[in-house]
Amino acid sequence: MPKTITPRSEDYSRWYTDVIIQSQMADYSPVKGCMVIRPLGYAVWEEIQKDLDARFKATGHQNAYFPLFIPESFLHREAEHVKGFAPECAVVTHGGGKELEEPLVVRPTSETIIYAMYAKWIRSYRDLPVLINQWANVVRWEMRTRLFLRTTEFLWQEGHTAHATEADAEEEVLRILEIYRSFIEEKMAIPVFTGRKSESEKFAGALRTYCIEALMQDGKALQAGTSHNLGQNFSKAFDVKFQTAEGDWAHVWQTSWGVSTRLIGALVMAHGDDNGVNFPPRLAPVQVAIVPIWKTEEEKARISEAVRQAIDILQPSLRVKADLREEVSPGWKFNEWEIKGVPLRLEIGPKDLEKDQMMAVRRMDRRKTPVPRGSLLASVTSLLDEIQRDMLERGRSFLRDNTRDARDYAEFQKSIEEAGGFYRAHWCGSAQCEQQIKDETKATIRCIPLEGNQEEGKCLRCSAPSREWVYLARAY
RNA sequence: CGGGGCGUAGCGCAGCCUGGUAGCGCAUCUGCUUUGGGAGCAGAGGGUCGGUGGUUCAAAUCCACUCGCCCCGACCA
């Protein structure tokens, strides 16, 4: 039997692209670097949105929307920010048939346009904190793109908050980091490391950047989310001031944070296999696919009735789909739902009906479990929970097995080349060592753990004394 | 912008080295048989071989140019 998706262990990029296109999550568009998100891919995004949105609202945030176009001069107000983003900006120079007086930048991120508004909205300490999130698209003209991981245009959410004190801003940044971590681990079933970025890796214009780092199956790290403490860099540039209770004037302390459609790429890379994508139950657009099997007309009548009953029972609490097509065989359907990542399949045929059961098959390992029709909802629900747990656990083992200590530089160079993965390594803190490691091994400092990494040691690169270790990896 | 690879039927590919007028799988259509892991058999339809120019009696094949795509780098809060 010809398989649609072939093993690509020797070519992970190709496998990744094939899986996405064949599962119909996304397509290349006529414009290079831009991606068409098809209904399946968008459904995953909607699940991500739904969940994160609820978490943001539960912590007091509100959604709002700001313009796609940003006057070019806004970008220039914060020196570091423009340095980081100017090279990748798309710029509109004409409108209404005329050349514009001032070019408009298509937002690569919205700090500037949003803080220009905050300057008007914020007057008093009573106006703070401002806790706003925006669901939007942004455009960054990267030299090289990859479906979901780095596209010219992508969808994301960007939170922008303003606080009265530095402590409040720092608390917010860490609160969001924890929201991202728990979402990615609990819903996406992807274990992660969290921490702080080094100076060279932080956001253009931030005081400090915190991040979530995950490990893909080919041993490369992927940044899955970021949360920035902007300090007063932007509030000074945009003059966002408030009057304190004491009557003084002060600049606000700000944060910004975001996750993007890149998360979908993480999902594909972390859980996919040669049978297609593989979604964890809590995030899967379709959690259960029911595939009926019949030969005779009489069987068809009985079995479709049983399917209808199953749907009535499961539909109210689960995202379930009955595949009653007659033009394709059951075997076809099995494969199709697997390619599309449905975590649990329920088969029902004459043999099952006799035993008053349905056959449940897990997408992740094809393990079969008969479930009694009498306790269908409870059984299916517990199977889905089990799959969710097992997927996360499998990811944890993988992350554990691929996180190593690096003490000797030569050994580290050899190991990262052969095995990839994360490395715990002491770093003296100098930008020079960081750069040399990058040049010599392509590995970067993915994050500096927030705790648990205090330990006396020697820098991996220069052997100077070091008080803490960091995570190194090659990254997407 | 460098390095590598690929453009041949709707999709995936072979043929090219060594020129001789285009083939395979999937899909499609017809008929019969088929449903617990992508059905089987028999038959049918479908392609100015990315484009332009050159060499030749003859070009998918050789040469030059050109366009497009993919991968690896450079780049990338």
Side-chain angles (χ1 to χ4, degrees), chain A residues 1-6 8 10-18 21-22 28-33 78 80-89 107-111 138 140-147 149-152 154 156 158 197-211 222-223 225-230 233-234 255-260 262 275-276 291-297 299-300 303 323-339 345-354 358-359 361 366 368 370 438-439 442 444 474-476:
Chain A
M1 302 301 161
K3 277 269 182 177
T4 314
I5 297 168
T6 53
R8 296 284 187 184
E10 79 288 355
D11 190 346
Y12 195 78
S13 296
R14 180 73 190 276
W15 165 82
Y16 174 75
T17 305
D18 280 0
I21 291 178
Q22 289 178 28
Y28 288 111
S29 81
V31 178
K32 196 168 152 60
E78 211 288 332
E80 290 299 315
H81 192 64
V82 69
K83 218 164 75 188
F85 282 104
E88 56 191 73
C89 283
R107 62 179 167 220
T109 179
S110 306
E111 275 77 5
V138 287
R140 294 181 187 179
W141 218 271
E142 305 284 1
M143 285 175 175
R144 206 164 142 221
T145 58
R146 190 191 280 276
L147 292 179
L149 297 185
R150 186 175 296 108
T151 47
T152 301
F154 57 96
W156 75 348
E158 49 180 323
K197 282 292 187 196
S198 67
E199 279 301 299
S200 73
E201 297 274 330
K202 76 178 188 188
F203 178 72
L207 204 60
R208 276 189 294 280
T209 288
Y210 296 92
C211 65
L222 181 72
Q223 180 171 308
T226 47
S227 182
H228 316 290
N229 185 331
L230 302 176
N233 292 346
F234 284 90
T255 82
S256 70
W257 28 274
V259 296
S260 71
R262 170 180 269 203
N275 299 315
V291 178
I293 297 151
W294 59 63
K295 288 188 176 65
T296 64
E297 281 298 311
E299 282 171 355
K300 179 176 150 187
I303 287 165
D323 191 346
L324 295 168
R325 287 177 297 173
E326 297 191 36
E327 65 277 12
V328 295
S329 67
W332 178 276
K333 294 173 185 174
F334 296 165
N335 283 287
E336 186 164 295
W337 292 113
E338 276 176 14
I339 291 171
R345 175 175 77 239
L346 283 176
E347 304 174 10
I348 181 159
K351 291 182 218 163
D352 299 305
L353 215 49
E354 264 174 43
M358 293 177 90
M359 190 59 80
V361 185
R366 294 195 183 176
K368 294 190 178 189
K438 185 177 178 180
D439 293 343
K442 294 184 208 160
T444 48
R474 287 185 179 168
Y476 276 99

Of B:C75, B:G38, B:A77, the nucleotide closest to the side chain of A:His228 is B:A77
Regarding the side chain of A:Asn335, the nearest nucleotide among B:G36, B:G38, B:C13 is B:G38
Nearest heavy-atom approach of A:Ser260 to A:Phe154 is CB-CD1, 3.6 Å
Please give the distance between the P atoms of B:G2 and B:U21 as a whole number of Å. 40 Å
ask   = Are there more than 12 heavy atoms of other residues, nucleotides or ligands under 6.0 Å from atom CH2 of A:Trp156?
value = yes
Looking only at B:A39, B:G36, B:G37, the nucleotide nearest the A:Ser329 side chain is B:A39
Among B:C76, B:C70, B:G36, the one nearest any side-chain atom of A:Lys32 is B:C70
* Under-4.0 Å side-chain N/O to phosphate OP1/OP2 contact, A:Ser13 with B:C71 -> no
Considering only heavy side-chain atoms of A:Arg366, the closest of B:G37, B:G36, B:C13 is B:G37
Rounded to whole Å, the NZ-C1' distance (A:Lys295 to B:U33) equals 15 Å
A:Glu336 has its side chain closest, among B:G38, B:C71, B:A77, to B:G38
Closest to the side chain of A:Arg345, out of B:G37, B:C75, B:C13, is B:G37
Side-chain atoms of A:Trp294 come closest, of B:U35, B:G36, B:G38, to B:U35
Notebook entry, point to check: Does a nitrogen or oxygen in the side chain of A:Lys333 sit under 4.0 Å from OP1 or OP2 of B:U35?
Noted result: no
Regarding the side chain of A:Phe203, the nearest nucleotide among B:A77, B:A39, B:G36 is B:A77
To the nearest angstrom, the NZ-P distance between A:Lys351 and B:U35 comes to 12 Å
In whole angstroms, the gap separating P of B:G10 from CD of A:Gln22 amounts to 19 Å
Review point. When the P atoms of B:G50 and B:A9 are considered, how many whole Å apart are they?
Key: 8 Å
Between B:C67 and B:G51, how far apart are the two P atoms, rounded to whole Å? 15 Å
Taking B:A77, B:C75, B:G36 as options, the one with an atom nearest any side-chain atom of A:Met143 is B:C75
TODO: Indicate yes or no: does A:Lys83 engage A:Glu80 in a salt bridge with an N to O separation below 4.0 Å.
DONE: yes
Here the distance between atom C1' of B:G36 and atom CD of A:Glu338, to the nearest Å, is 14 Å
